[in-house]
Novice: 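Next up is a structure, given as structure tokens.
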Amino acid sequence: MEGKGVIRNGKSLVAGLLAAVCATACSSDQEPQSPYVNAAEVCEGVFAGDLERTVETVTGATSFERRPSGRMDRLIEAIEKEYSSGRSWAPGGELCEMAAKGSRSKNEPVLRFHMYAPYDVNYPGSAEGERRFSLGEEAVANIRSAGIYFECVSPRLDGSKSRPARIYGGLGNAHYRGDAREDLMDNLRVVHAASLALADKLECEGSAGLPEELGPGLRELPPVGRPAEIDS
């Protein structure tokens with residue numbers, strides 16, 4: 001009996017030592033996460049690569065508050081559910097808010113996606129300062145925002161071969177820099193990168209018709225005029 005007690009005590013001692021070593025090693029290996037991220041990490045890393053500087057220009061910031069991950073997956077789930085409902089329009093959801101470190105503004109740059117109705121494309125009349133571009137089904141941009149209308153055929157969206165999902169990706173509350181074409185193009189590049197990431201995650205055929213990059217030669221479209229009033 002005495003020998004068994006020694007064995008039990010020995011096992012307890014070894015287990016205690018292993019637990020102490022693991023606790024020490026684990027605590028030293030896992031450093032606490034910073035509450036802030038850079039432009040390559042914001043919005044779940046969709047801008048990593050050549051667009052980091054563009055994001056900094058569009059947002060007016062170089063460091064951003066860390067946000068919980070998983071928003072892209074939740075957005076995809078929302079689009080799948082809304083598409084299956086058969087509705088012509090649905091609210092979608094927010095991909096991310098790019099809140100600058102230390103900012104107290106309630107209007108931070110934000111990226112949202114929703115399903116749009118057919119008549120939203122080439123809608124007569126444009127907002128002041130808005131320009132139209134040949135990208136997707138249509139793209140628009142102004143000094144504080146930009147958006148892309150595109151269609152997605154995907155094995156994840158049953159019936160999309162004959163009825164493609166109509167998706168709009170929009171950037172709002174961009175940092176004001178002026179109305180030069182290149183500034184508007186930067187707003188559009190941010191939306192384009194996010195739209196491309198969503199199209200890839202949603203498994204849209206042919207990247208939903210979106211190019212890998214937006215070059216300086218993107219064709220600008222003329223404004224769509226409002227129909228003339230008919231005299232009674």
Side-chain angles (χ1 to χ4, degrees), residues 40-51 54-55 58 67-98 109-124 126-127 130 132-141 145-174 185 187-215 218-219 221 224:
E41 299 173 282
V42 74
C43 293
E44 302 189 24
V46 300
F47 305 118
D50 298 336
L51 279 179
T54 302
V55 171
V58 167
R67 292 288 191 254
S69 60
R71 287 194 176 189
M72 175 68 86
D73 290 333
R74 289 193 292 274
L75 180 58
I76 294 294
E77 289 176 6
I79 290 173
E80 289 175 334
K81 182 178 180 180
E82 291 167 351
Y83 176 81
S84 66
S85 73
R87 298 169 61 186
S88 64
W89 177 90
E94 183 179 295
L95 174 59
C96 66
E97 182 184 45
M98 294 174 277
V110 62
L111 281 163
R112 294 187 178 93
F113 288 81
H114 68 252
M115 290 181 59
Y116 67 88
Y119 51 75
D120 289 339
V121 172
N122 298 322
Y123 188 80
S126 300
E130 185 176 82
R132 300 173 60 242
F133 298 90
S134 178
L135 177 65
E137 298 302 301
E138 180 187 36
V140 293
S145 66
I148 302 175
Y149 299 85
F150 60 95
E151 293 188 349
C152 173
V153 174
S154 167
R156 300 181 62 162
L157 302 171
D158 188 33
S160 60
K161 280 282 187 183
S162 57
R163 182 175 62 91
R166 297 181 300 269
I167 302 172
Y168 171 82
L171 165 73
N173 302 325
M185 285 293 296
N187 291 347
L188 202 54
R189 287 187 182 98
V190 169
V191 184
H192 170 261
S195 299
L196 206 55
L198 183 139
D200 179 64
K201 188 79 172 179
L202 194 54
E203 301 177 33
C204 300
E205 292 182 5
S207 299
L210 301 174
E212 285 299 313
E213 296 182 350
L214 291 192
L218 185 65
R219 184 164 62 93
L221 301 174
V224 180

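Throughout, numbering of the chain's residues begins at 1 and tracks the sequence.
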Novice: Among Leu214, Asp50, Val55, which one satisfies side-chain contact (heavy atoms from CB on, under 4.5 Å) with Arg189?
Specialist: Leu214
Novice: Is the side chain of His192 donor-acceptor paired with the backbone N or O of Pro211 at a distance under 3.5 Å, no angle test?
Specialist: yes
Novice: Checking Ala40 now: which residues fulfil side-chain contact (heavy atoms from CB on, under 4.5 Å) with it, not counting sequence neighbours?
Specialist: Asn38, Ala48, Glu52
Novice: How would you list, by chain and number, every residue that makes a side-chain contact (heavy atoms from CB on, under 4.5 Å) with Leu218, sequence neighbours excluded?
Specialist: Phe133, Leu135, Arg181, Met185, Leu188
Novice: Among Ile148, Asp200, Val190, find the one that has a side-chain contact (heavy atoms from CB on, under 4.5 Å) with Ser195.
Specialist: Ile148
Novice: Identify the two heavy atoms, one from Met98 and one from Val42, that lie closest to each other, and give their separation to 0.1 Å.
Specialist: CG-CG2, 3.8 Å
Novice: Determine whether Ser145 and Leu171 make a side-chain contact, defined as any pair of heavy atoms from C-beta on separated by less than 4.5 Å.
Specialist: no
Novice: Show me the side-chain donor-acceptor pairs of residues 68-75 shorter than 3.5 Å, one per line, residues at least two apart or across chains.
Specialist:
| unit_1 | atom_1 | unit_2 | atom_2 | d |
| --- | --- | --- | --- | --- |
| Arg71 | NH1 | Glu94 | OE2 | 2.7 |
| Asp73 | OD1 | Lys201 | NZ | 3.2 |

Novice: Does Glu151 reach the main-chain N or O of Glu137 with its side chain, forming a donor-acceptor pair under 3.5 Å?
Specialist: no
Novice: Which pair of heavy atoms, one from Ser160 and one from Val153, lies closest together, and at what distance?
Specialist: O-CG2, 3.4 Å
Novice: Nearest 0.5 Å, please: how far is CD1 in Ile76 from NZ in Lys81?
Specialist: 15.5 Å
Novice: With Tyr83, which residues qualify under ring-ring contact (aromatic ring centres under 6.0 Å, His included), at least two apart?
Specialist: none
Novice: Find out whether Phe150 and Leu198 are in side-chain contact, i.e. whether some heavy atom of one side chain is under 4.5 Å from a heavy atom of the other.
Specialist: yes
Novice: Got Tyr116 and Ser88 here, is their nearest side-chain heavy-atom distance under 4.5 Å?
Specialist: no
Novice: Is there a side-chain contact between Arg166 and Met115 (heavy atoms, below 4.5 Å)?
Specialist: no
Novice: Indicate yes or no: at least one non-hydrogen side-chain atom of Glu82 is less than 4.5 angstrom from one of Pro91.
Specialist: yes
Novice: Provide the closest heavy-atom pair for Ala146 versus Val191 in the form atom of the first, atom of the second, distance.
Specialist: O-CG2, 3.6 Å
Novice: Please walk me through it: do Glu138 and Arg132 pass salt bridge (charged side-chain N to carboxylate O under 4.0 Å, His left out)?
Specialist: CA-CA 7 Å; Glu138 180 187 36; Arg132 300 173 60 242; 2.6 Å; yes
Novice: Tell me, do Ser207 and Glu212 make a side-chain contact under 4.5 Å, heavy atoms counted?
Specialist: yes
Novice: State, with a plain yes or no, whether a side-chain heavy atom of Leu111 is found less than 4.5 Å away from one of Cys43.
Specialist: yes
Novice: Once side-chain contact (heavy atoms from CB on, under 4.5 Å) is applied, do any residues pair with Ser84, and if so which ones, sequence neighbours excluded?
Specialist: none
Novice: Tell me whether Arg112 is salt-bridged to Glu97, with the criterion being a basic N under 4.0 Å from an acidic carboxylate O.
Specialist: no
Novice: Can you tell me how far apart CD (Glu44) and SG (Cys96) are? Round to the nearest 0.5 Å.
Specialist: 8.0 Å
Novice: Let me confirm one number: the SG-CD1 distance from Cys152 to Ile167, rounded to the nearest 0.5 Å.
Specialist: 5.0 Å
Novice: Write down the atom of Tyr168, the atom of Gly147, and the distance for their closest heavy-atom approach.
Specialist: OH-CA, 3.4 Å
Novice: What pairs with Glu130 under side-chain contact (heavy atoms from CB on, under 4.5 Å), at least two apart in sequence or on another chain?
Specialist: Ser126, Ala127, Val140, Asn142
Novice: Just wondering, are more than 12 heavy atoms of other shown residues or ligands nearer than 6.0 Å to CG in Asp158?
Specialist: no
Novice: If we only count heavy atoms from C-beta on, is the Leu95 to Phe113 side-chain gap below 4.5 Å?
Specialist: yes
Novice: Can a donor-acceptor pair be found, under 3.5 Å and without considering hydrogens, that links the side chain of Ser154 to the backbone of Leu202?
Specialist: yes
